[in-house]
Amino acid sequence: MVASTGRVSEGEHLKALGAAEVIDRQVLAAPGKPIGKERWAGVIDTVGSHTLANACATTKYRGAVAACGLAGGMDFPATVAPFILRGVTLYGIDSVMAPLAVRHEAWARLGQDLDIVRLERITCEIGLSEAIEVAAQLLDGKVRGRVVVDVQGGRSPS
Ligand SMILES: NC(=O)c1ccc[n+]([C@@H]2O[C@H](COP(=O)([O-])OP(=O)(O)OC[C@H]3O[C@@H](n4cnc5c(N)ncnc54)[C@H](OP(=O)(O)O)[C@@H]3O)[C@@H](O)[C@H]2O)c1
């Protein structure tokens with residue numbers, strides 16, 4: 001498994017979560033060729049734009065790419081080459097309108113497949129009173145993983 005990040009300082013943390021290799025996201029974000037050397041059996045992409053196009057262009061024969069975000073842009077500057085020459089499949093992932101049955105299946109798989117110890121390493125809980133401070137850190141790219149806001153806990157905002 002290979003992880004990509006813009007925060008090189010997070011490399012060891014990503015390796016502890018299971019990444020064999022960590023690459024700088026700038027490498028994937030630059031405009032690339034319509035088709036390139038086969039690298040990935042599967043890709044999960046939260047970025048879009050050139051990163052998604054490059055992911056498709058370097059996915060192995062009959063591999064799959066899941067597009068689930070647009071952190072880098074909503075455009076998709078790609079060609080059909082990976083799809084018609086390598087049989088690559090591009091899956092669209094939507095969590096907003098996903099049917100309940102699909103959600104149940106996904107949650108069951110998360111419960112079964114996710115290592116709870118690793119999950120705990122990427123989550124933390126805060127009280128509602130801390131939300132504004134942590135939101136600023138989140139926007140500054142200083143928050144690791146996911147933050148759960150306990151709306152019952154912590155001090156009330158004044
Ligand atoms: N499909 C759906 O139903 C659905 C539902 C909710 C959200 N989304 C989308 O999924 C994406 C990820 O959601 P999220 O909550 O994880 O968002 P996020 O926390 O804002 O971003 C996720 C990561 O993307 C990386 N990133 C930020 N800007 C980037 C850029 N310009 N180019 C490349 N990477 C960049 C950062 O990783 P590093 O700091 O490690 O580089 C960041 O931690 C978002 O685009 C969101 O809109 C989709």
Side-chain angles (χ1 to χ4, degrees), residues 1-37 39-59 63-79 82-83 88-128 130-151:
M1 184 164 39
V2 177
S4 165
T5 181
R7 290 183 273 178
V8 182
S9 56
E10 291 298 294
E12 287 311 308
H13 170 66
L14 292 169
K15 284 183 180 167
L17 291 176
E21 190 188 336
V22 177
I23 51 181
D24 190 325
R25 67 165 132 99
Q26 290 305 331
V27 174
L28 303 171
K33 294 180 182 163
I35 201 141
K37 188 168 182 275
R39 290 189 75 183
W40 324 113
V43 177
I44 300 170
D45 178 71
T46 57
V47 180
S49 193
H50 289 292
T51 301
L52 178 59
N54 288 332
C56 293
T58 52
T59 293
V65 179
C68 52
L70 44 66
M74 203 191 253
D75 58 329
F76 181 40
T79 75
F83 311 113
V88 168
T89 298
L90 178 58
Y91 288 98
I93 306 299
D94 154 56
S95 67
V96 179
M97 302 301 286
L100 195 56
V102 173
R103 288 167 193 260
H104 280 156
E105 198 181 331
W107 291 330
R109 285 293 303 271
L110 288 172
Q112 178 189 311
D113 299 340
L114 264 191
D115 177 345
I116 197 77
V117 175
R118 293 183 193 193
L119 184 64
E120 278 168 1
R121 279 194 213 141
I122 60 162
T123 53
C124 71
E125 197 171 302
I126 61 169
L128 188 57
E130 297 161 278
I132 291 175
E133 185 188 334
V134 175
Q137 294 167 5
L138 189 73
L139 292 174
D140 284 344
K142 290 181 182 150
V143 171
R144 172 189 284 174
R146 288 290 176 263
V147 179
V148 177
V149 181
D150 178 0
V151 292

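Start at 1 and go down the list; that is how both ligands and their atoms are numbered.
- Residue S95 holds the heavy atom nearest to atom 3 (O) of ligand 1 of all those in S95, A66, G73.
- Note that the CG atom of L119 and the CG atom of L110 stand 8.5 Å from one another [nearest 0.5 Å].
- Closest of all the heavy-atom pairs between G6 and D24 is CA-OD1, 4.5 Å.
- Inside a 4.0 Å radius of atom 31 (N) of ligand 1 there is at least one protein heavy atom.
- Those atoms of ligand 1 that come under 4.0 Å of a heavy atom in V47, given as number and element, are 32 (N), 33 (C), 34 (N).
- At the top of the distance list for atom 47 (O) of ligand 1, counting protein heavy atoms only, stands L70 CD1, 3.8 Å.
- At the top of the distance list for atom 40 (O) of ligand 1, counting protein heavy atoms only, stands T5 OG1, 2.5 Å.
- Distance alone, capped at 3.5 Å, places no donor-acceptor pair between the D150 side chain and the I126 backbone.
- Heavy atoms from other residues, nucleotides or ligands lying under 6.0 Å from CZ of F76 number more than 12.
- Numbered from 1 in the order shown, with element, the atoms of ligand 1 that lie under 4.0 Å from a heavy atom of G72 read 30 (C), 31 (N), 32 (N).
- In this structure, the side chains of I116 and E120 come closer than 4.5 Å at one or more pairs of heavy atoms.
- Using a non-hydrogen distance threshold of 4.0 Å, K142 does not register as a contact of ligand 1.
- Every atom of ligand 1 is numbered from 1 in the order shown, and the set under 4.0 Å from a heavy atom of G69 is 9 (C), 10 (O), 11 (C), 45 (O).
- The protein non-hydrogen atom at the shortest distance from atom 48 (C) of ligand 1 is C68 O, 2.9 Å.
- From the protein, the heavy atom lying nearest to atom 15 (O) of ligand 1 is R146 NH2, 3.2 Å.
- Using a 4.0 Å threshold on non-hydrogen atoms, atom 17 (O) of ligand 1 does not count as touching the protein.
- Looking from atom 39 (O) of ligand 1 to the surrounding protein, the closest heavy atom is R7 NE, 3.0 Å.
- The protein non-hydrogen atom at the shortest distance from atom 33 (C) of ligand 1 is R25 CD, 3.1 Å.
- At least one protein heavy atom sits closer than 4.0 Å to atom 11 (C) of ligand 1.
- Counting heavy atoms of neighbouring residues, nucleotides and ligands inside a 6.0 Å radius, atom CD1 of I132 does not exceed 12 of them.
- Counted within 6.0 Å of CD on E125, heavy atoms from surrounding residues, nucleotides or ligands total more than 12; the atom is thus considered enclosed.
- With values rounded to the nearest 0.5 angstrom, I93 atom CD1 is found 11.0 Å from D45 atom CG.
- Atom 1 (N) of ligand 1 lies below 4.0 Å from at least one non-hydrogen atom of the protein.
- In this structure, the separation between SG on C124 and CZ on R144 is 10.5 Å, given to the nearest 0.5 Å.
- Taking every heavy atom of G6 and a limit of under 4.0 angstrom, the matching atoms of ligand 1 come to 38 (P), 40 (O), 41 (O).
- Below 4.0 Å from some heavy atom of T46 lie the following atoms of ligand 1, by number and element: 11 (C), 12 (C), 45 (O).
- For the atom pair CG of L114 and CZ of R109, the computed distance is 10.0 Å after rounding to the nearest 0.5 Å.
- Atom 42 (C) of ligand 1 is not flagged as protein-proximal [any protein heavy atom, distance under 4.0 Å].
- Of all the atoms in ligand 1, the ones that sit under 4.0 Å from a non-hydrogen atom of D94 are 1 (N), 3 (O).
- Taking the side-chain contact (heavy atoms from CB on, under 4.5 Å) definition, one finds that D115 meets it with V117, R118, sequence neighbours left out.
- Across every non-hydrogen atom of C56 and V88, the tightest pair is O-CG2, 4.2 Å.
- When hydrogens are left out, the protein atom nearest atom 24 (O) of ligand 1 is A71 CB, 3.8 Å; that is the closest non-hydrogen contact.
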